[in-house]
A.B. asks: 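The structure under discussion is supplied below as C-alpha cells; questions concerning it will follow.
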Amino acid sequence: MPNAAIVGTGFYVPERVVTNHDLAQWMDTSDAWIRERSGIHERRWVEEGTSGAELARRATVMALADAGLEAGALDLIIFGTLNPDYTFPGNGVLLQHALGVGTIGALDVRNQCTGFIYGVAAADGFIQSGVARTVLVVGSEIHSTGLDISTRGRDLAVLFGDGAGAIILQATDERRGVIASSLHSQGKFARELWAELPSALIQGRWHDEQLAEGRQFPRMNGPMVFKHATRRFCEAVEEVLQAGGVTIDEVALVIPHQANQRITDMVARRLRLPDERVYSNIHRYGNTTAASIPIALAEAVREGKLQRGDLLVTVAFGSGFTWGANLIRW
Ligand SMILES: CC(C)(COP(=O)(O)OP(=O)(O)OC[C@H]1O[C@@H](n2cnc3c(N)ncnc32)[C@H](O)[C@@H]1OP(=O)(O)O)[C@@H](O)C(=O)NCCC(=O)NCCS
C-alpha cells in the first residue's frame, strides 16, 4: 500500500489585525487579561462579505505552488470548517468551483477544532486504499462574523480568529507520510462548547426571542473544556506514538491545535517536551479552529523547523467533544 506524504503546505490570513486593545473598546476586557489567560496578543478578522471558501482557495494556491503542482492534479478535496459559508451545500464544493478543477470529490468535515486531524486520517485512508492519489486537506474558518462582540460574549470572542491552512497529501512508495492517527468523540459533552442556532429542531430554525438571548452565538463551559483538553491532548499523543512504535524523544516537533497557550504549556509539561519542540503561533492568530494546525505547519516549515525524515505529531481537541492526533514522518 502507498504512504500518504505531505508534499506541500500553505496558509492565508486576512490582512485586518484586531488587537486585544481593539476588543477592549467593544467589551469589558483588557489586553492583560487576554494575554494572561490565553497567550493571544492579536488575531485576524475578515472584512464582512468575505467567503471561507475564498480563504481556503488562497491557502490552497500556496500549498499547490509549494508542491509544484497544478490544481488539476488534485483528485479529492477534504474541507474542515465549523463556519461554513451556508447551511448547505458545504464549503468543499465552493472550493472545487473556485479552483476551477474538474468534478473531483469534495468531502466536508464537521469536527470543529479536530477537523484537520480527521481530514488527514481520512486522506491517508483514501490514499492507502487507492481511491485517490493526490488529496487536498484544508481548514478554513471565519469566526469573526459569528461572535458576540459585547461583554456578554467576551469569554469566547477574545479567543477566536479567522484564517485558512492547506496541505497536499500524495501517494508515495517512500518511507514517509502519515504513520498513525487516533480519532475520538464524546457527544455527551456536545453542549459544553456549541452554537445552538440555526437548529433543525425548530420550525423556521429559530425563535426571535432566542436570537435576542444571543443563542445563535457560540457558548462554552471554559473551565470544563480546559480540563478535558489538557488530558485528551496527552492521551492522543501517547496513542499515536504507541501505534507508530516510537517514543516522544524521537519526535522533532509537536504541533498542537492553537486553542490556548496555557493548554499548550500544560501539555508540553506533562509530555516533558521543551518549548522549542512544541510549535505556537497563537499570540498572532488566536484560535482558528480547523485552520490552526495547517497554518502552524505551513509557518513551521518555512521557519525550517522540519527536516526530511523528522517525526511530527499533530494533535487537537475541541467541540463535540472530539480529539485526536496524527503521527507523520516528514
Ligand atoms: C476561557 C478561559 C480563558 C477562561 O479562563 P478561566 O481562568 O477559566 O476564567 P473563568 O471562566 O473562571 O472566568 C474568570 C472571570 O473572568 C471573566 N472573564 C471571562 N472572559 C473575560 C474576558 N474576555 N475579559 C475579562 N474577563 C473575562 C469571567 O466572567 C469571570 O468573572 P467572575 O469571576 O467575575 O465570574 C479558560 O477557561 C479557557 O481557556 N478554556 C478553554 C478554552 C478553549 O481553549 N476553548 C477552545 C477549545 S478548542
Side-chain angles (χ1 to χ4, degrees), residues 18-43 45 80-83 109-118 139 141 143-144 146-163 165 183-187 189-195 214 217-236 255-268 278 280-283 285-296 314-325:
V18 176
T19 66
N20 295 340
H21 296 290
D22 293 332
L23 294 177
Q25 296 169 29
W26 308 318
M27 62 186 80
D28 181 11
T29 191
S30 68
D31 178 54
W33 194 96
I34 300 169
R35 280 183 194 235
E36 197 223 314
R37 303 294 174 113
S38 71
I40 299 165
H41 301 182
E42 60 188 41
R43 72 287 293 142
W45 283 5
T81 189
L82 80 73
N83 292 293
V109 173
R110 293 297 312 274
N111 294 90
Q112 293 59 257
C113 299
T114 320
F116 182 77
I117 304 291
Y118 272 77
E141 302 288 359
H143 283 292
S144 56
L147 296 171
D148 181 356
I149 307 168
S150 71
T151 297
R152 183 178 65 179
R154 66 182 178 175
D155 58 331
L156 270 155
V158 302
L159 299 178
F160 289 101
D162 302 340
L183 303 175
H184 292 279
S185 70
Q186 197 171 24
F189 297 119
R191 291 164 191 81
E192 302 300 339
L193 175 51
W194 71 321
F217 296 120
R219 282 179 292 163
M220 172 179 72
N221 179 342
M224 184 182 232
V225 171
F226 193 96
K227 195 179 88 190
H228 283 257
T230 47
R231 176 172 150 217
R232 298 307 194 182
F233 265 98
C234 296
E235 285 176 5
I255 301 186
H257 163 52
Q258 307 289 302
N260 185 318
Q261 190 59 41
R262 283 163 65 218
I263 293 177
T264 298
D265 291 344
M266 197 172 280
V267 169
V278 184
S280 174
N281 60 9
I282 194 167
H283 52 291
Y285 303 133
N287 179 346
T288 57
T289 311
S292 92
I293 294 174
I295 292 174
T314 54
V315 57
F317 175 92
S319 162
F321 293 151
T322 56
W323 65 97

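One-based numbering, in listed order, for ligands and for the atoms of each.
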A.B. asks: For residues V278 and P256, determine if any side-chain heavy atom of one lies less than 4.5 Å from a side-chain heavy atom of the other.
C.D. replies: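 Yes, at least one pair of side-chain atoms sits under 4.5 Å.
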A.B. asks: Below 4.0 Å, non-hydrogen atoms only: which portion of N287 touches ligand 1? Side chain, backbone, both or neither.
C.D. replies: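 Within the 4.0 Å criterion, N287 contacts ligand 1 through side-chain atoms alone.
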A.B. asks: Please could you name the atoms of ligand 1 that I263 approaches to less than 4.0 Å, counting only its heavy atoms?
C.D. replies: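 In order of numbering, the contacting atoms are 44 (O).
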A.B. asks: Who's the nearest protein heavy-atom neighbour of atom 47 (C) of ligand 1, and how far?
C.D. replies: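 Looking only at protein heavy atoms, the one closest to atom 47 (C) of ligand 1 is V225 CG1, 3.6 Å.
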A.B. asks: With heavy-atom distances below 4.0 Å as the criterion, list the atoms of ligand 1 near F317.
C.D. replies: 48 (S)
A.B. asks: So for Q112, does at least one of its heavy atoms come nearer than 4.0 angstrom to any atom of ligand 1?
C.D. replies: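 Contact absent.
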A.B. asks: Hey, can you tell me if W26 and W45 have their rings parallel, tilted or perpendicular (30° and 60° cut-offs)?
C.D. replies: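 It falls in the parallel class, under 30°.
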A.B. asks: Determine whether the side chain, the backbone, both or neither of M27 has a heavy atom under 4.0 Å from any heavy atom of ligand 1.
C.D. replies: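 M27 to ligand 1: no contact under 4.0 Å from either part.
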A.B. asks: Under the salt bridge (Lys or Arg N to Asp or Glu O under 4.0 Å) rule, what do R154 and D28 come out as? Steps first, then yes or no, please.
C.D. replies: CA-CA 8 Å; R154 66 182 178 175; D28 181 11; 3.7 Å; yes
A.B. asks: Tell me, do Q261 and H283 make a side-chain contact under 4.5 Å, heavy atoms counted?
C.D. replies: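 No, every pair of side-chain atoms sits at 4.5 Å or beyond.
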A.B. asks: Quick one: does P223 get within less than 4.0 Å of ligand 1, heavy atoms only?
C.D. replies: yes
A.B. asks: Is any heavy atom of the protein nearer than 4.0 Å to atom 6 (P) of ligand 1?
C.D. replies: yes
A.B. asks: For atom 41 (C) of ligand 1, what's the nearest protein heavy-atom neighbour? Residue, atom name and distance, please.
C.D. replies: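 Going atom by atom, the protein heavy atom closest to atom 41 (C) of ligand 1 ends up being G222 O, 3.6 Å.
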A.B. asks: Just to verify, which of D22, T19, N20 counts as forming a side chain to side chain donor-acceptor pair (under 3.5 Å) with R43?
C.D. replies: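 Among the candidates, only N20 passes.
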A.B. asks: Suppose we measure from atom 1 (C) of ligand 1 to each protein heavy atom; which comes out shortest, and what is that distance?
C.D. replies: M220 CE, 3.7 Å
A.B. asks: Determine whether Q186 and W323 make a side-chain contact, defined as any pair of heavy atoms from C-beta on separated by less than 4.5 Å.
C.D. replies: yes
A.B. asks: With a 4.5 Å cut-off on side-chain heavy atoms, are D162 and T288 touching?
C.D. replies: no
A.B. asks: Pick one of side chain, backbone, both or neither for how L156 approaches ligand 1, counting any non-hydrogen atom pair under 4.0 Å.
C.D. replies: neither
A.B. asks: Is it the side chain, the backbone, both or neither of C113 that has a heavy atom closer than 4.0 Å to ligand 1?
C.D. replies: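 The part of C113 near ligand 1 is the side chain, not the backbone.
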A.B. asks: With a 4.5 Å heavy-atom cut-off, do N287 and N260 have their side chains touching?
C.D. replies: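 Answer no - side chains too far apart.
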A.B. asks: My question is simple, although I want it checked carefully: is atom 35 (O) of ligand 1 less than 4.0 angstrom from any protein heavy atom?
C.D. replies: no
A.B. asks: Please test T81 against N83 for side-chain hydrogen bond (donor to acceptor under 3.5 Å, both in side chains), starting from the C-alpha separation and ending with a verdict.
C.D. replies: CA-CA 5 Å; T81 189; N83 292 293; 4.9 Å; no
A.B. asks: Starting from atom 29 (O) of ligand 1, find the nearest protein heavy-atom neighbour and note its residue, name and distance.
C.D. replies: R154 NH2, 3.0 Å
A.B. asks: Closest non-hydrogen protein atom to atom 38 (C) of ligand 1, residue and atom name please, with distance?
C.D. replies: N260 ND2, 3.7 Å
A.B. asks: Heavy atoms of the protein only: does one fall short of 4.0 Å from atom 17 (C) of ligand 1?
C.D. replies: yes
A.B. asks: State, with a plain yes or no, whether a side-chain heavy atom of F317 is found less than 4.5 Å away from one of T322.
C.D. replies: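 No, too far: nothing below the 4.5 Å cut-off.
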A.B. asks: Students should be able to answer this: which protein heavy-atom is nearest to atom 14 (C) of ligand 1, and at what distance?
C.D. replies: R37 NH1, 3.8 Å
A.B. asks: Please identify which atoms of ligand 1 are closer than 4.0 Å to at least one heavy atom of V158.
C.D. replies: 23 (N)
A.B. asks: Just need the protein heavy atom nearest to atom 2 (C) of ligand 1, so name the residue and atom and give the distance.
C.D. replies: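 Here the closest protein heavy atom is W33 CH2, 4.6 Å.
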A.B. asks: Verify the contact flag for atom 32 (P) of ligand 1, where contact means a protein heavy atom under 4.0 Å away.
C.D. replies: no
A.B. asks: Specify the protein heavy atom at minimum distance from atom 24 (N) of ligand 1: its residue, its atom name, and the distance to 0.1 Å.
C.D. replies: T29 OG1, 2.6 Å
